[in-house]
Amino acid sequence: MPELPEVETQVRDLQALVGRKILDLTSDTPKSFRPDFKEFQRKIRNKKILAIERRAKFIVFTLSQNLKLVVHFRMTGHFLLAQDFIPLEKAIRHFFKISGGIVLQFSDIRKFGTLVLCEEKSHLKVCGLAKLGVEPLGESFTLPVLREILQNKKGKLKAALLDQTLVAGIGNIYADEICFGASLHPASLIQNLEPQDFKNLFQEIKKQLRKGVRNRGTTIGEYRDTRGRGGKNQNTLMAYKRHGLPCKICGTKMRKIKIVQRTTSFCPKCQK
DNA sequence: CGATTCCCCTGATAGC
DNA sequence: TGCTATCAGGGGAATC
């Protein structure tokens, strides 16, 4: 599923659209839009794309006339850059006609993706962006900051990693990889973590996310880049979905548990 | 107010 | 083989 590295990869590719105009929009899944499709379509026509940025797992398009388009891929969404309206994949739900002969297609098998159009001055509130925590690949994310974020938190480590109001952009795949890399049991209670654990955790958050970006994302299910190509990070995974398989480090059979409703794979020997 | 549950949706997989 | 049941999951809303 698209997490920070996958969204980052898409955003980098989408820079080709900056300076162009959105001419029209068609969709067979109008439920994905806020406000309702008719209004969304009317408002977005003939708006120029001024900037495209990532915030956590959201993509924020800055448009002319003080508008923001905030996109979230949820489970199966991704954009594809095309020259025409012939669907590049089976589950193309929306087509954005862009100036210069570009058609931006939105693929989304499960239809969970959301596209919200709002005024620039209210977009943080409307889209829930204001509640997001620190950007883990940003300069302001440091070891002392991580300690401060977690110091008064209770509960399990992985639950905190998935909490978008603490550190923003980590999902199920990278959370499992970070716990494995830090040799920490995903169900570890935060209040029991040692100073060295925080250090390892901090380093792994940066390391795993950077590796994901470098590998242009993890493709296990549907994720593709804007040219329809998968990423390479799936070839490097040590933990995610590896329950039942031998640990790549020690050979112990990896286990599966649920944490905040998410399947969690870990090595009972390497992760204490 | 925090923690938990439900819900959205489709395709893959398990079970019979 | 072919059917049905179950599972997967991000985040917002509803509920406890």
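The analysis underlying the following values was restricted to heavy atoms, covering all of them including side chains, and did not include hydrogens, waters or symmetry mates. Here is the naming used below: chain letters follow the sequence lines, and residue numbers restart at 1 for every chain.
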Undergrad: Using a 4.5 Å cut-off between side-chain heavy atoms of Ile, Leu, Val, Met, Phe, Trp and Tyr, which other residues end up in the same hydrophobic cluster as A:I257?
TA: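 Once heavy-atom contacts under 4.5 Å are chained together, A:I257 belongs with A:L162, A:I259, A:V260, A:F266.
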Undergrad: Please check if the side chain of A:K47 supplies one atom and the backbone of A:R45 the other of a donor-acceptor pair under 3.5 Å.
TA: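 Side chain of A:K47 to backbone of A:R45: a pair is present.
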Undergrad: Please find the earliest and latest nucleotides of DNA chain C, in the 5' to 3' direction, that have an atom within less than 4.0 Å of any heavy atom of chain A.
TA: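 First and last nucleotides in contact are C:dA8 to C:dG12.
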Undergrad: Give a yes or no on whether a salt bridge exists between A:E3 and A:K57, defined as a side-chain N under 4.0 angstrom from a carboxylate O.
TA: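 Salt bridge flag = no for A:K57 with A:E3.
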Undergrad: Just to verify, what does A:R147 make a side-chain hydrogen bond (donor to acceptor under 3.5 Å, both in side chains) with, not counting sequence neighbours?
TA: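 Testing A:R147 for side-chain hydrogen bond (donor to acceptor under 3.5 Å, both in side chains), a comparison that skips the adjacent residues, returns none.
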Undergrad: Indicate whether the side chain of A:T62 and that of A:K68 have a donor and an acceptor atom separated by less than 3.5 Å.
TA: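 A pair is found: one side chain offers a donor N or O, the other an acceptor, under 3.5 Å apart.
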Undergrad: Please work out if A:K258 contacts a base, only the sugar-phosphate, or nothing of the nucleic acid, heavy-atom cut-off 4.0 Å.
TA: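 It contacts sugar-phosphate atoms only.
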Undergrad: Tell me, which pairs form a side chain to side chain donor-acceptor pair (under 3.5 Å) where one or both residues lie in residues 240-253 of chain A, sequence neighbours left out?
TA: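 Non-adjacent pairs meeting side chain to side chain donor-acceptor pair (under 3.5 Å): A:H243-A:S265.
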Undergrad: Answer yes or no: is there an ion pair linking A:D197 with A:K272, defined by an N-O contact shorter than 4.0 Å?
TA: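 No, A:D197 and A:K272 are not salt-bridged.
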Undergrad: Connecting only ILVMFWY residues whose side-chain heavy atoms lie within less than 4.5 Å of each other, what is the rest of A:F180's hydrophobic cluster?
TA: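 A:M238, A:I249, A:M254, listed by chain and number.
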Undergrad: Any side-chain to backbone donor/acceptor pair from A:E6 onto A:G217? Under 3.5 Å, distance only.
TA: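 Side chain of A:E6 to backbone of A:G217, a donor-acceptor pair under 3.5 Å: no, none is there.
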Undergrad: At the 4.0 Å heavy-atom cut-off to chain A, mark where contacts on DNA chain B begin and end, going 5' to 3'.
TA: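 With heavy atoms of chain A under 4.0 Å away, the range is B:dC8 to B:dG11.
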Undergrad: With a 4.0 Å heavy-atom cut-off, tell me which residues in residues 70-81 of chain A come close to DNA chain C, sorted by residue number.
TA: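 Residues of residues 70-81 of chain A under 4.0 Å from DNA chain C: A:H72, A:R74, A:M75.
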Undergrad: Using distance only, find each side-chain donor-acceptor pair of residues 98-111 of chain A under 3.5 Å and give its atom names and separation, not counting sequence neighbours.
TA:
from   : atom 1 : to     : atom 2 : distance (Å)
A:S99  : OG     : A:K21  : N      : 2.9
A:Q105 : OE1    : A:L88  : N      : 2.9
A:Q105 : NE2    : A:D84  : O      : 3.1
A:Q105 : NE2    : A:I86  : O      : 2.9
A:S107 : OG     : A:E89  : OE1    : 2.8
A:D108 : OD1    : A:T76  : OG1    : 2.7
A:D108 : OD1    : A:K111 : N      : 3.4
A:D108 : OD2    : A:F112 : N      : 3.3
A:D108 : OD2    : A:G113 : N      : 2.8

Undergrad: Considering the terminal five base pairs at each end of the helix from B:dG2-C:dC16 to B:dC16-C:dG2, what angle separates the two local helix axes, rounded to 10°?
TA: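 For the helix from B:dG2-C:dC16 to B:dC16-C:dG2, the axes at opposite ends meet at about 60°.
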Undergrad: Scan residues 204-225 of chain A against DNA chain C and write down, sorted by residue number, each residue with any heavy atom closer than 4.0 Å; if none is found, say none.
TA: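 DNA chain C contact set from residues 204-225 of chain A: none.
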Undergrad: Among residues 164-180 of chain A, which contact DNA chain C at a heavy-atom distance under 4.0 Å?
TA: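 Hits under 4.0 Å, by residue number: A:Q164, A:N172.
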Undergrad: Going by heavy atoms in the side chains, are A:F96 and A:L17 under 4.5 Å from each other?
TA: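 Counting from C-beta outward, A:F96 and A:L17 never come under 4.5 Å.
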Undergrad: Who pairs with A:S27 by side-chain hydrogen bond (donor to acceptor under 3.5 Å, both in side chains), at least two apart in sequence or on another chain?
TA: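 Testing A:S27 for side-chain hydrogen bond (donor to acceptor under 3.5 Å, both in side chains), a comparison that skips the adjacent residues, returns A:H94.
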